[in-house]
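Please read the structure below before turning to the comments.
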Amino acid sequence: MSAEPTDVVTAARVRGAVPMIGAFVCAYPGRSAAALAAVFVAGLLDGLGMSMLLSMLTLTTANDVNHKPSMPEQVATRIADFLGLQPTAPVMLTLAITLIALRAGLTLVANKQVGYTVAHIATDLRLALIRAVMGARWSHYLQQSVGRLSNAVATEAQRASEAFQYSAEMAAMLLNSLIYIGIALAISWQAGVAAAIAGGLLLALLHTLIRSSRRAGQHQTRLLTSLLSAIGAQLVAAKPLKAMAREDHVDALLSDQMRQLRRALRRQVVSREALGALQDPLLAIMVGIGFFLSLVLLKMPLASVLVMLFLLARVVGYLSKTQRAYQQVVVRESAYWALIDGIDAAHAQAEPKGGDRMVTLSGSIVFDHVRFRHGDGRLVLDDASFVIPARELTVIVGPSGAGKTTMLDLVVGLLQPEAGSVRVDGVPMGELALRPWRRQIGYVPQDSVLVNESIAYNLALGDEDLGEADLRDALRAADALDFVDAMPEGLQTRVGEGGSRLSGGQRQRLSIARALVHKPSLLVLDEATSSLDAEAQAVVIDTVRRLKGRLTILAVAHQGLLIEAADRIYRLADAQVGLVRGPVGAANAATQEHGT
Ligand SMILES: Nc1ncnc2c1ncn2[C@@H]1O[C@H](COP(=O)(O)OP(=O)(O)OP(=O)(O)O)[C@@H](O)[C@H]1O
């Protein structure tokens with residue numbers, strides 16, 4: 001019964017509560033149909049049960065022998081006949097109670113289906129967003145705010161799934177009101193029409209409050225997005241803010257948005273309470289008018305008037321509940337569409353699938369007349385051609401901001417050149433099977449990012465094929481085994497938020513171990529040894545030297561032992577790449593493509 005995560009987001013594109021509900025139903029047709037069927041039958045049972053109670057009223061009060069039994073009375077009598085029972089008041093009462101109890105059971109079944117579906121919707125929306133964002137181009141990911149994404153995953157997905165719950169409630173209440181309109185029509189068409197008109201009037205009179213709720217909901221969604229983006233950004237920079245006593249500025253920045261959010265939430269509460277508060281007196285006025293018209297002006301018998309007014313109150317009561325549920329749907333509708341927008345935007349920026357050609361990096365990586373710039377910024381590479389031979393240590397040097405990290409991102413395939421090509425073993429990046437290529441890469445970023453989990457988790461990143469021996473080998477190679485063994489829980493020690501319980505050098509060494517644990521064919525080091533002391537640097541460089549013949553190493557470095565160990569060094573400056581050390585002509589990729 002579970003839908004694919006994307007089902008719940010692909011079914012509808014026209015905005016509004018109805019298309020949203022349509023998308024939910026299309027994603028979960030089985031559950032929705034089961035819930036609706038249960039609600040419908042429950043409504044019928046309720047109607048029948050109530051009809052029996054009503055028939056008791058006329059059975060016990062109608063002395064007229066010519067009394068013409070109403071349709072519910074006839075149904076009630078037939079059911080009693082079918083069961084071989086006399087249609088007496090106690091029998092009718094027992095039947096009514098049984099039917100109403102059955103109705104409670106069926107309502108439970110419906111609610112269970114709805115509850116499960118709500119949980120599925122929230123999970124599926126979360127998964128769909130995360131998959132879309134993770135599958136998008138790197139440049140798209142960089143534009144996202146962590147706070148905005150966490151808000152979407154936590155709050156928006158939850159609110160969107162609650163919209164389904166209220167939609168189901170709305171459908172149940174609407175079905176019940178339709179059933180009671182049917183019963184009213186069966187008793188007397190005047191009663192049915194009066195109930196329908198009264199209900200319609202109530203819905204129309206209070207519709208303004210629905211519009212106001214929708215606006216407040218949209219405001220809430222917008223404010224939560226910007227507020228949580230801002231909070232996320234500030235929390236990431238908490239240390240310098242606190243160290244320089246600038247936390248008051250965060251407070252000032254956020255409190256204005258908090259105030260606006262409070263206002264939006266207050267407006268929602270006012271609309272919700274106003275709807276509830278106005279529905280009841282309007283219902284009472286309608287019943288009063290009905291009483292006056294039927295009893296005083298039309299001089300109808302009291303029993304019939306009571307039955308009619310009971311039905312009127314039921315129809316209008318159910319329609320009021322329908323409207324209240326709809327109000328809750330529209331309050332949450334904007335959260336669903338905000339999520340859909342996020343998913344759509346990520347899909348529109350989906351990373352090119354790449355080709356299906358596999359490589360082992362036995363020859364070289366070649367930059368062939370590559371031109372690249374970020375967005376419409378300045379050129380980072382202009383007609384750059386050079387070779388990174390397999391199984392050698394190539395080091396890139398150059399001034400800060402020259403584009404060294406950008407060059408690494410082109411090798412990994414996170415960025416694509418606007419002209420020229422990057423080739424691996426002669427295969428252009430666009431034709432490479434991108435994921436298998438990346439799975440051969442061990443990547444150590446400039447800022448080693450660790451997640452607040454155990455050391456073992458940070459090394460293996462969920463790869464269950466890696467055993468403890470693999471982890472220890474990688475730690476040893478990165479000169480990290482001693483300090484990990486000295487920790488109270490060894491590999492199971494938690495590293496704190498962003499690795500905050502470790503020193504900068506320790507974080508870096510774990511990051512190197514993480515890159516090595518998968519036994520990559522290309523090791524990419526972006527200033528990976530810069531925060532290590534000379535001793536630790538020497539151990540890591542030793543490892544790098546030992547690895548040199550076995551795998552390709554591409555490193556960005558400013559100074560130190562890595563440069564000394566390099567087989568060739570390129571300098572990147574002013575969008576041009578020049579050879580500093582290495583065989584003459586190595587920078588000319590067009591004429592020299594190793595091993596291809
Ligand atoms: N996502 C991005 N969007 C726009 N511009 C970017 C982006 N990433 C980097 N840049 C710009 O591209 C240029 C090269 O950045 P890059 O990080 O590659 O330099 P770098 O040589 O690695 O610098 P450093 O040695 O300081 O780490 C810089 O001017 C930078 O501002």
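Ligands are counted one by one from 1 in listed order, and the atoms in each one are counted from 1 as well.
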Taking atom 27 (O) of ligand 1 as the reference point, the nearest protein heavy atom with its distance: Q446 NE2, 2.9 Å
Residues in side-chain hydrogen bond (donor to acceptor under 3.5 Å, both in side chains) contact with R259, at least two apart in sequence or another chain: D256
Proximal atoms of ligand 1 relative to T406 (non-hydrogen, under 4.0 Å): 14 (C), 15 (O), 16 (P), 18 (O)
Contacting atoms of ligand 1, where contact means under 4.0 angstrom from a heavy atom of E527: 25 (O), 27 (O)
G403 to ligand 1, any heavy atom closer than 4.0 Å: yes
Over all atoms of both residues, closest heavy-atom pair of P399 and K404: O-NZ, 2.9 Å
Side chain proximity check, V412 to R438, heavy atoms < 4.5 angstrom: yes
For atom 26 (O) of ligand 1, closest protein heavy-atom neighbour: S400 OG, 2.6 Å
H374, portion touching ligand 1 at heavy-atom distance under 4.0 Å: side chain
Whether S161 side chain and Q158 backbone form a donor-acceptor pair below 3.5 Å: yes
For Q508, all residues meeting side-chain hydrogen bond (donor to acceptor under 3.5 Å, both in side chains), sequence neighbours excluded: S531
Minimum side-chain heavy-atom gap L551-L522 below 4.5 Å: no
Atom 30 (C) of ligand 1 within contact range, any protein heavy atom under 4.0 Å: no
Protein heavy atom at shortest distance from atom 25 (O) of ligand 1: K404 NZ, 2.7 Å
Residue part near ligand 1, for R378, under 4.0 Å between non-hydrogen atoms: side chain
Under 3.5 Å donor-acceptor, W337 side chain and G16 backbone: yes
Residue, atom name and distance, where the atom is the protein heavy atom closest to atom 1 (N) of ligand 1: L142 CD1, 3.4 Å
For D368 against R423, the heavy-atom pair lying closest together: OD2-NH1, 2.8 Å
Side chains of F367 and L410 in contact at under 4.5 Å (non-hydrogen atoms): yes
Test item, A402 contacting ligand 1 (heavy atom, 4.0 angstrom): yes
Side chain, backbone, both or neither: the part of T405 lying under 4.0 Å from ligand 1 by heavy atom: both
Taking atom 28 (C) of ligand 1 as the reference point, the nearest protein heavy atom with its distance: G401 O, 3.6 Å
